[in-house]
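What follows is one structure encoded as structure tokens, with my remarks underneath.
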Amino acid sequence: MKIVFATNNPNKLKEIQSLMPNGIEIINLKEIGCTEDIPETGETLQANAFQKAHYLKEKYGYDCFADDTGLEVETLNGAPGVYSARYAGSQRSAEDNMAKILTELNGKENRKAQFRTAVALILNGEEHLFEGKVEGHISLGKQGEEGFGYDPIFLPENEVRSFAQMTIIEKGAISHRGRAVRKLVSFLKSL
Ligand code: IMP
């Protein structure tokens, strides 16, 4: 089976590829000639994931899936959440976003946070949603060089390492995206 994954983020693409079993091949957006930014203007992760998947289906005609992810920090009332990409401004800089969170949590004891991912699939004219989350804490400073986005400041539960100190396989085994994508894979395998 071949399926299009609607992202222009090379890190997400690598993660998704590492989570796919033999027999499910991911086609990326470059391969179908889509290089533009896909709009994501929804107010929830689910709405954004479906917006991206529908955009692809309507403009390019492919069945596909898309993911949208948010980091939710308890003491910030769930922010940045659906606004995670542009938390520190429209430049969408991971460094600026992490610096903003670390500053906001300065001196705070409660550093609990979670990542949530919504995966939207459009297949044979039907919509399906798969979700995954991982709980953890925001570290006191950046740790590690792997991964992307907020990975250097997120310590998943029961771990002293941040996501950025793990291999792609270690992160995928416990991450929000890994959990959502395993549900997607079981569904695809059941067809
Ligand atoms: P989006 O899902 O591509 O819209 O991502 C929203 C924001 O969360 C961006 O700033 C991403 O860099 C960040 N992000 C998404 N997935 C992850 C992840 O697995 N680890 C760390 N940051 C992530």
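All values below come from the heavy atoms of this structure, side chains included, with hydrogens, waters and symmetry mates left out. One-based numbering, in listed order, for ligands and for the atoms of each. Predicted model only: the values in this text are computed from it and were never measured.
Atoms of ligand 1 found under 4.0 Å from any heavy atom of Lys12 (numbered from 1 in listed order, with element): 1 (P), 2 (O), 3 (O). Heavy-atom proximity to Lys171, at under 4.0 Å, picks out these atoms of ligand 1: 18 (C), 19 (O), 20 (N). Taking every non-hydrogen atom of Arg177 and a distance limit under 4.0 Å, the qualifying atoms of ligand 1 come out as 15 (C), 16 (N), 17 (C), 18 (C), 19 (O). Listed by atom number, the atoms of ligand 1 under 4.0 Å from Asp151 heavy atoms are 18 (C), 20 (N), 21 (C). Close contacts between ligand 1 and Glu40 involve ligand atoms 4 (O) [criterion: under 4.0 Å to a heavy atom].
Side-chain contact of Ser139 with Ser162: a donor-acceptor pair under 3.5 Å is absent, judged by distance alone. Using a 3.5 Å distance cut-off with no hydrogens or angles, the side chains of Glu40 and Gln51 do not pair a donor with an acceptor. A side-chain donor-acceptor contact under 3.5 Å links Gln46 and Glu131.
Between Thr69 and ligand 1, at least one N/O pair is under 3.5 Å apart. When only interatomic distances are considered, the shortest N/O to N/O separation between Glu15 and ligand 1 does not fall below 3.5 Å. The shortest N or O to N or O distance between Tyr150 and ligand 1 is below 3.5 Å.
What sits closest to atom 10 (O) of ligand 1 on the protein, heavy atoms only, is Ala85 CA, 3.2 Å.
By the 30° and 60° cut-offs, the orientation of the rings of His54 relative to Phe50 is tilted. Classified by interplanar angle (parallel below 30°, tilted 30° to 60°, perpendicular above 60°), the ring pair His176/Phe115 is parallel.
For Arg92, no heavy-atom contact with ligand 1 is shorter than 4.0 Å. With a 4.0 Å heavy-atom cut-off, ligand 1 is reached by the side chain of Phe115 but not by its N, CA, C or O.
For atom 4 (O) of ligand 1, the nearest non-hydrogen atom from the set Asp68, Asn48, Asn11, Val82 comes from Asp68.
Within the 4.0 Å heavy-atom shell around ligand 1 one does not find Arg86.
A cation-pi geometry, defined here as NZ or CZ lying under 6.0 Å from the six-membered ring centre and within 45° of its normal, holds between Lys100 and Tyr87.
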